[in-house]
Number of protein chains: 2
Amino acid sequence: MCAYCDRVTRTIDWVDGAVALIDQTRLPDELIVLRVEDVPTLVDSIQRLAVRGAPAIGVAGAFGVVLALSEANFPAAVQELRNARPTAVNLARMVDRVAARAGEGFEAALGEALAIRDEEIAASRLMGERGAEVVDQLVGDGRVRAMTICNTGGLATVERGTALAVIQTLHEAGRLEEALVLETRPLLQGARLTAWELQRLGAPYRLVVDAAAPSLLARGAADVILTGADRVAANGDTANKIGTFGLALGARHADVPFVVVAPESTLDAATPTGAEIEIEDRGAEEVVSLKGVAIAPEGTAAVNPAFDVTPCELITALVTERRVVRLSGGERL
Amino acid sequence: MCAYCDRVTRTIDWVDGAVALIDQTRLPDELIVLRVEDVPTLVDSIQRLAVRGAPAIGVAGAFGVVLALSEANFPAAVQELRNARPTAVNLARMVDRVAARAGEGFEAALGEALAIRDEEIAASRLMGERGAEVVDQLVGDGRVRAMTICNTGGLATVERGTALAVIQTLHEAGRLEEALVLETRPLLQGARLTAWELQRLGAPYRLVVDAAAPSLLARGAADVILTGADRVAANGDTANKIGTFGLALGARHADVPFVVVAPESTLDAATPTGAEIEIEDRGAEEVVSLKGVAIAPEGTAAVNPAFDVTPCELITALVTERRVVRLSGGERL
């Protein structure tokens with residue numbers, strides 16, 4: 001690895017006057033750190049999922065506004081950043097927060113972006129600890145088998161993550177019996193990224209195809225589900241990676257607690273319920289091929305919603321860095 | 001294609017004194033017909049899924065007993081065939097049926113195997129017609145959007161199929177608005193085989209990842225679910241491709257009818273409920289790689305149940321070539 005890559009240990013950071021980010025499309029095969037110096041390249045990185053995970057996208061948007069100060073048309077660059085992905089609420093929110101300081105100059109904007117980065121790091125640590133306490137309350141303080149979907153680890157934030165931060169905290173306490181990782185088609189964030197992170201942590205895990213989850217739950221294979229969120233509506237309905245809703249249905253059928261772990265920045269009081277959350281369709285290409293290999297006959301069309309909405313009634317608890325909300329028990333945000 | 005391949009139009013058949021079968025592991029890239037002359041090769045073809053689908057496996061087992069007559073140890077060869085895959089009940093049943101005629105000589109055994117082939121062909125046509133009538137009753141006689149999992153077409157039987165025979169019948173009647181095809185990880189029978197069959201039929205279809213089904217159903221994307229079965233227990237609990245149970249949970253949540261289409265040969269009165277059905281685990285390799293391409297870090301373990309069990313309460317109707325059983329309405333076999 002290059003000397004520059006060697007110095008970057010966070011998923012996303014500000015290094016030597018530019019954005020440094022791990023190119024997650026290359027994992028688990030290669031660990032490559034990109035140096036991004038302009039807004040179009042950053043927007044492209046967000047859209048092709050080189051950087052992904054709601055909190056990490058929020059930090060990318062924050063640093064992006066700092067880059068936008070050097071673009072010919074600052075307001076247009078900010079809008080482009082804001083609209084790079086529609087479902088994650090953090091992106092628009094963090095872009096707006098840094099843009100509000102832009103009038104004070106470069107240092108003020110960068111200071112705000114760095115504060116956002118540091119808040120996400122602190123939030124991850126708190127979510128991990130608080131989530132582990134909730135797991136104690138729900139399933140007891142013995143060894144835990146936790147099922148998870150997509151990637152919600154350090155790669156989805158800056159460090160440690162959201163739902164995977166809970167699994168990391170349990171592992172560090174010697175309490176993780178096993179993580180069951182859904183591969184998360186179409187882009188396989190579970191197989192590629194979560195498995196890679198767990199392996200680096202030395203945590204025990206096994207991979208499963210997404211469709212196996214309800215049946216494994218019915219057969220008693222997991223004690224708790226831990227997922228992240230891309231956007232939580234005011235009533236607690238939660239948009240997250242496609243497959244989360246089906247996982248919640250399986251958990252309810254098997255009476256397994258379903259816990260969403262997400263920073264406060266993911267909560268969107270302006271969206272009353274899940275019905276108002278825009279669901280991004282990412283097109284056929286991701287479905288009909290995999291790593292460049294065609295898996296369906298040429299000319300096959302596809303529906304490819306990137307997210308689904310899990311109704312609040314199916315969510316046992318929502319854990320943020322500040323609080324625990326028992327959604328299925330009737331509590332609201 | 002070779003002249004031999006050209007003459008074989010059925011998924012599996014007896015041609016020139018040997019078993020001819022389409023190698024389904026090569027689809028959709030290539031249409032290759034294998035000529036199988038001995039039991040070990042046939043067992044291998046069953047286990048690596050060159051031939052698959054409960055009815056087609058049953059016919060393979062039937063022809064296999066004819067091949068076993070030329071093996072050094074007939075009883076051992078029959079046992080090997082019988083145990084090639086544990087979940088599909090047809091296999092053992094058809095093997096036993098032909099083996100019972102073996103004492104009468106080659107012609108009697110071959111005659112029985114050919115009768116089984118012809119019964120499956122007739123059953124497929126009847127299931128298609130009866131299933132289309134059930135769809136009429138459940139969702140009206142307008143155009144239909146049908147969701148399906150795995151491959152239940154001609155490739156899973158000898159011709160036309162089970163659940164996909166219903167979709168073909170609807171298409172031939174000009175009533176298929178669209179088939180929504182679940183890709184069916186890990187082996188992608190939906191993406192590779194069902195899409196290939198629908199394309200050849202000129203039927204409209206779109207592919208979806210398995211995890212997208214519950215959310216698409218909640219958003220009203222399909223009128224009915226049509227699936228096959230690998231084994232139906234006496235109470236109607238149904239073992240089918242992994243993911244079927246989650247699809248049934250999604251259908252129930254969205255109030256979409258869930259219809260199982262399977263020949264009588266799949267019904268297993270000797271198994272009281274789904275709890276007694278053995279579920280084959282096919283090992284990590286199918287999960288951690290795809291067409292030889294690794295999708296997870298080296299050394300990743302996996303859980304890989306090939307089937308799951310859908311409780312009878314979640315099944316609106318079971319359609320066979322002889323009858324319709326309203327399982328969720330309380331009817332029993």
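A quick note: this is a predicted structure, and the numbers were derived from the prediction, not measured. Lettering follows sequence order; numbering is per chain, from 1.
The ring pair (Phe, Tyr, Trp, His ring centres under 6.0 Å) analysis of residues 211-251 of chain A, with sequence neighbours excluded, yields the pairs A:Phe245-B:His253.
Contacts of A:Leu247 with chain B are absent, with no heavy-atom separation under 4.5 Å from either backbone or side chain. Using a 4.5 Å cut-off between heavy atoms, A:Ala221 makes no contact with chain B at all. Using a 4.5 Å cut-off between heavy atoms, A:Val287 touches chain B through backbone and side chain atoms alike.
Taking CG from B:Leu217 and CG from A:Leu249, the interatomic distance works out to 10.0 Å, rounded to the nearest 0.5 Å. The distance from atom CG of B:Leu182 to atom CG of A:Asp210, rounded to the nearest 0.5 Å, is 11.0 Å. In this structure, A:Arg185 CZ and B:Arg185 CZ are separated by 7.0 Å, a value rounded to the nearest 0.5 Å.
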Contacts under 3.5 angstrom, residues 149-156 of chain B side chains, donor-acceptor by atom type, not counting sequence neighbours:
from     : atom 1 : to       : atom 2 : distance (Å)
B:Asn151 : OD1    : B:Arg52  : NH1    : 3.2
B:Asn151 : OD1    : B:Gly153 : N      : 3.4
B:Asn151 : OD1    : B:Ala156 : N      : 3.4
B:Asn151 : ND2    : B:Thr194 : OG1    : 3.2
B:Asn151 : ND2    : B:Glu197 : OE2    : 2.9
B:Thr152 : OG1    : B:Leu164 : N      : 2.9

Listed pairs under 3.5 Å, donor-acceptor, residues 198-208 of chain B side chains, sequence neighbours left out:
from     : atom 1 : to       : atom 2 : distance (Å)
B:Gln199 : NE2    : A:Glu298 : O      : 2.9
B:Gln199 : NE2    : B:Tyr205 : OH     : 3.4
B:Tyr205 : OH     : A:Thr300 : OG1    : 2.6
B:Arg206 : NE     : B:Glu178 : OE2    : 2.4
B:Arg206 : NH2    : B:Glu178 : OE1    : 3.2
B:Arg206 : NH2    : B:Glu178 : OE2    : 3.2

Inset, instruction - Please lay out, stage by stage, how A:Arg219 and B:Ile279 fare under the test side-chain contact (heavy atoms from CB on, under 4.5 Å). - result: CA-CA 11 Å; A:Arg219 289 156 68 190; B:Ile279 300 295; 4.1 Å; yes

Inset, instruction - Could you check A:Ile295 against B:Leu290 for side-chain contact (heavy atoms from CB on, under 4.5 Å), going step by step and ending with a plain yes or no? - result: CA-CA 9 Å; A:Ile295 59 166; B:Leu290 195 64; 4.2 Å; yes

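Between chain B and the options A:Thr184, A:Asp308, A:Leu216, A:Val303, the largest number of non-hydrogen pairs under 4.5 Å is found for A:Val303. Looking only at heavy-atom pairs under 4.5 Å with chain A, the residue among B:Ala302, B:Ser215, B:Pro297 that has the most is B:Pro297. Heavy-atom pairs under 4.5 Å with chain B peak, among A:Pro305, A:Pro214, A:Pro186, A:Ala284, at A:Pro214.
Within residues 230-244 of chain B, the residues approaching chain A closer than 4.5 Å by heavy atoms are, in numerical order, B:Ile242, B:Gly243.
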